[in-house]
Structures are given as C-alpha cells and as structure tokens.
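Since this is a predicted model, take the numbers as computed values, not measurements.
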Amino acid sequence: MAGAPPPLLLALLGLAALAAAGGANAAGRKTVGVYELRKGDFSIRVTNWGATLTSVVLPDSKGNLADVVLGYDTIAEYVNGSAYFGALVGRVANRVANARFVLDGKVYHLYRNDGKNALHGGKRGFSKVIWTVKEYVGGGDSPYITLYYHSFDGEEGFPGDLDVYVTYRLSGPYELSLRMNATALSRATPVNLVNHAYWNLGGHGSGDVLHHTVQLLASRYTPVDAGLIPTGAVAPVAGTPYDLRAPTRLGARLREVSGGKAGVYGYDTNFAVDGEARALRKVAAVRDGGASGRALELWADQPGVQFYTGNFLAGVKGKGGAVYGQHAALCLETQGFPDAVNHPNFPSQIVRPGQVYRHNMVFKFSF
C-alpha cells in the first residue's frame, strides 16, 4: 500500500555517516533504507539516500539473472563515494562554468567542486541528501516508489525554494520508467536533473563494456574545452568519432576520443537528441556483444544526453567484491545541455515560480 514500510530494509545510516553528509536533512531524523520493486524475475532496488538506483536485476538469453548497474554494498559507501553510482543528480547536473551564472540581472556563485567549476549540484547536491518516501508499492502489476526532496533557497548557491519528486516504476515487462518533476516556489532557478546509473549489460562485475554496441539518435553534439565545458557550439557529428547514429562497437572507437585529461580517453559528451524536445522519443540503443544477449533502449523527452564511458573509474571497490576499472560501464544521462545557464543559444533550463520542470525516461530491456 502507498506509504507502507518497506519489506526489504537493507541498510541504515549510522550517526557517523549522517554527520559526514552534513546539513539539515542529515540531522538523523529520517530513516534511510533500500526499497525493492519486483515484477516476476525483473527487479530493482532504490534507496532514499540520493534517490539512488542501487540495482537492476534481469535475465539473460539463457534465463540467468544478473545485476546490470554498478554500485556499492552499503549506504555508507554511497555517502562517501564519488562516482555518483545510480544517483538522482541536481539541482543542476553536469558542469557550470566558473561556478557562476547571471539570472535576471543578479550574479549567483555556486560551490566549486570540479576545479573552478560546479559539478552535479555542488558539494551537497541532490545525490547527497535524504529524500522522503512519499509512496511505495513493492509488487503487483506496476510497482513504484515516489521520493520527495525540498531544496531550500540558497542551497549550494542556487536561488529559490524547489519541490522535487522522482518516481521509479516497473511500468511494463522488463521496462523501467523514471518520472522527475520540480516546481519552483519562490524565485526563478535553473533546473537540470539526471539519473546517473552506470550500465554494464553483461553484469556489473563482468569487466569492461568495450564489446557493447551503442547507437545514439543524435546528429549533433556540443564540443567542449579542456575543462569539459561546452564552447557554445552545436556541431554536426558527421565525419567525427562522435557519429554514433549507427550501432557502433565501443572498443573500435573509444581511443579516438579524448576523455578530458591527458592519457584519458573515452566519451564524456553531450549529444543533441534528434526530434522534438519535450516529446518522448528514442534516444539510444545498447547491446551487450557478449554471451548475455541483453539489450536496452532508452526513450526520453530531454534535449540532450550525456554519454559517459566510465573514463575515470580506476580500481573502485563495488558490489559483491567486484572491482570496477576504466570503462567498466557506460552512462546515458538524458538532460538539458550542460552549462545552459551560461549559453543563451542552448535550450533554456530556467524554471520560474509556479512553473514545473518535467523529465521522463523509459528503459526498455530485452534479451
């Protein structure tokens, strides 16, 4: 029933972990748990720490079950980890150049947590707070969980109060949908929420994803400078290593793309999705080239998708004793364009008082 306590309470935050998180919402008054949604042999787990997707379990072509998202064993590791595994990231995901922007004639300064830039909402973004479980139905025809967070005026430097909701739902056979919305209550503010799941369709501990094939329905991308900040251009992918419009084996292409730092290669790139923004449309298709036969299609209604190939993973201790190395997974983060607040030619991410930001995603799995 809606609001019922979870049948699966896998972890609680200790006082030390809560203290490490800091802030009013980490004062120890809320319980942090892990909630399971199950539909036959398809299941996911979500924690209200960071509204984080901690597992997605589904069969392969032979009926063998595996968890296909990277993550940690304990909530404490999610509190202290830096990889954003499965997190709901905001208030503004991706990078904001020089951790500043001007809105309605006023300059706003954000927390710098990526050199001189702001990244994924700052030091204590939405991925590092406790969300409230508003509704929870773990089984049945359409299991779901709805989580809520109130972001206060001035949090991490962002203006205005914001009410944020996200619903994870098993919306069909082997189909996971995410619905995000955020209402500006008092002042205009930028909003750009993403889900930061790391996918490996062979299983989270099965090695790298170089044998995966990826197709992105995107004819253009936003080039970046050495600090991974968009230059402001929206360039065609034709004739570049960013042309993934046909299914492409990652291992054949990754070394052609700089990962943003010397000696690092791979994609960390925003693509401008073809078709009408705000309409649910196919964004990407991924297939495991190994024995599992698993595949996914991603549908969403945002103007862009950040394609990231785990370039900075290096010996990260993950679930069940797995160690995640470089390119152990890929991320498909549908989003507004990065640093849009500093590029008037990019689709606006500004939400004014009384307006509602909406973001819908659907992952369709097959095997």
Side-chain angles (χ1 to χ4, degrees), residues 8 10-11 34-47 52-75 77-78 81-87 143 168 170 172-178 195-215 247-254 266-267 284-298 307-333 361-367:
L8 183 64
L10 297 183
V34 180
Y35 301 78
E36 183 174 74
L37 309 180
R38 178 176 293 276
K39 191 176 178 71
D41 57 2
F42 177 41
S43 65
I44 72 167
R45 288 175 180 168
V46 175
T47 174
T52 298
L53 180 66
T54 65
S55 75
V56 176
V57 175
L58 69 155
D60 65 8
S61 58
K62 298 179 181 178
N64 300 310
L65 297 178
D67 184 354
V68 297
V69 294
L70 274 58
Y72 299 113
D73 281 325
T74 68
I75 298 299
E77 290 172 293
Y78 283 99
S82 60
Y84 299 96
F85 287 145
Y168 291 87
L170 304 189
Y174 306 107
E175 183 176 286
L176 167 62
S177 68
L178 278 72
N195 175 265
H196 210 303
Y198 284 69
W199 300 96
N200 184 325
L201 296 178
H204 75 93
S206 64
D208 62 49
V209 293
L210 299 185
H211 56 286
H212 282 38
T213 61
V214 175
Q215 179 185 24
T248 303
R249 183 177 175 272
L250 279 180
R253 187 64 65 85
L254 277 189
Y267 294 92
V286 181
R287 181 173 295 276
D288 176 20
S292 81
R294 293 189 187 93
L296 72 79
E297 285 186 358
L298 171 58
F307 179 44
Y308 174 56
T309 49
N311 310 329
F312 297 108
L313 293 175
V316 178
K317 182 183 176 183
K319 293 181 282 192
V323 177
Y324 306 138
Q326 190 179 46
H327 311 310
L330 58 88
C331 301
L332 293 164
E333 307 159 56
M361 310 173 72
V362 181
F363 294 94
K364 301 179 181 182
F365 300 97
S366 58
F367 45 87

State the [atom1]-[atom2] distance between [X] and [Y], to the nearest 0.5 angstrom.
| X | Y | atom1 | atom2 | result |
| --- | --- | --- | --- | --- |
| His211 | Asn200 | NE2 | CG | 6.0 Å |
| Leu298 | Phe365 | CG | CZ | 9.5 Å |
| Glu175 | Phe363 | CD | CZ | 11.5 Å |
| Phe307 | Glu333 | CZ | CD | 11.0 Å |
| Thr309 | Leu254 | OG1 | CG | 5.0 Å |
| Ile44 | Tyr168 | CD1 | OH | 7.5 Å |

Test item: [X] and [Y] side chains (from C-beta on) under 4.5 Å apart, heavy atoms:
| X | Y | result |
| --- | --- | --- |
| Thr248 | Val214 | no |
| Leu176 | Leu53 | yes |
| Leu70 | Val316 | no |
| Tyr35 | Thr47 | no |
| Pro143 | Arg38 | no |

Let's go through Phe85 and Tyr324 carefully: what are the C-alpha distance in whole Å and the side-chain angles of both, what is the deciding distance for ring pair (Phe, Tyr, Trp, His ring centres under 6.0 Å) to 0.1 Å, and is it a yes or a no?
CA-CA 12 Å; Phe85 287 145; Tyr324 306 138; 5.7 Å; yes

Any donor-acceptor pair under 3.5 Å from [X] side chain to [Y] backbone:
| X | Y | result |
| --- | --- | --- |
| Thr54 | Arg45 | yes |
| Tyr78 | Gly81 | no |
| Lys319 | Gly205 | no |
| Gln326 | Asn311 | yes |
| Tyr198 | Ala83 | yes |
| Asp67 | Val56 | yes |
| Asp60 | Arg294 | no |
| His212 | Leu201 | yes |

Please report the shortest heavy-atom distance between [X] and [Y], naming the atom on each side.
| X | Y | result |
| --- | --- | --- |
| Ala197 | Cys331 | O-SG, 3.5 Å |
| Lys317 | Tyr72 | O-CD2, 3.6 Å |
| Ala291 | Ser61 | O-OG, 3.6 Å |
| His204 | Ala322 | CE1-CB, 3.9 Å |
| Leu65 | Pro59 | CD2-N, 3.6 Å |

Between the side chains of Asp41 and Tyr174, is a donor N or O closer than 3.5 angstrom to an acceptor N or O?
yes

Worked check of side chain to side chain contact (heavy atoms under 4.5 Å, CB included) between Leu296 and Val68
CA-CA 11 Å; Leu296 72 79; Val68 297; over 6 Å; no

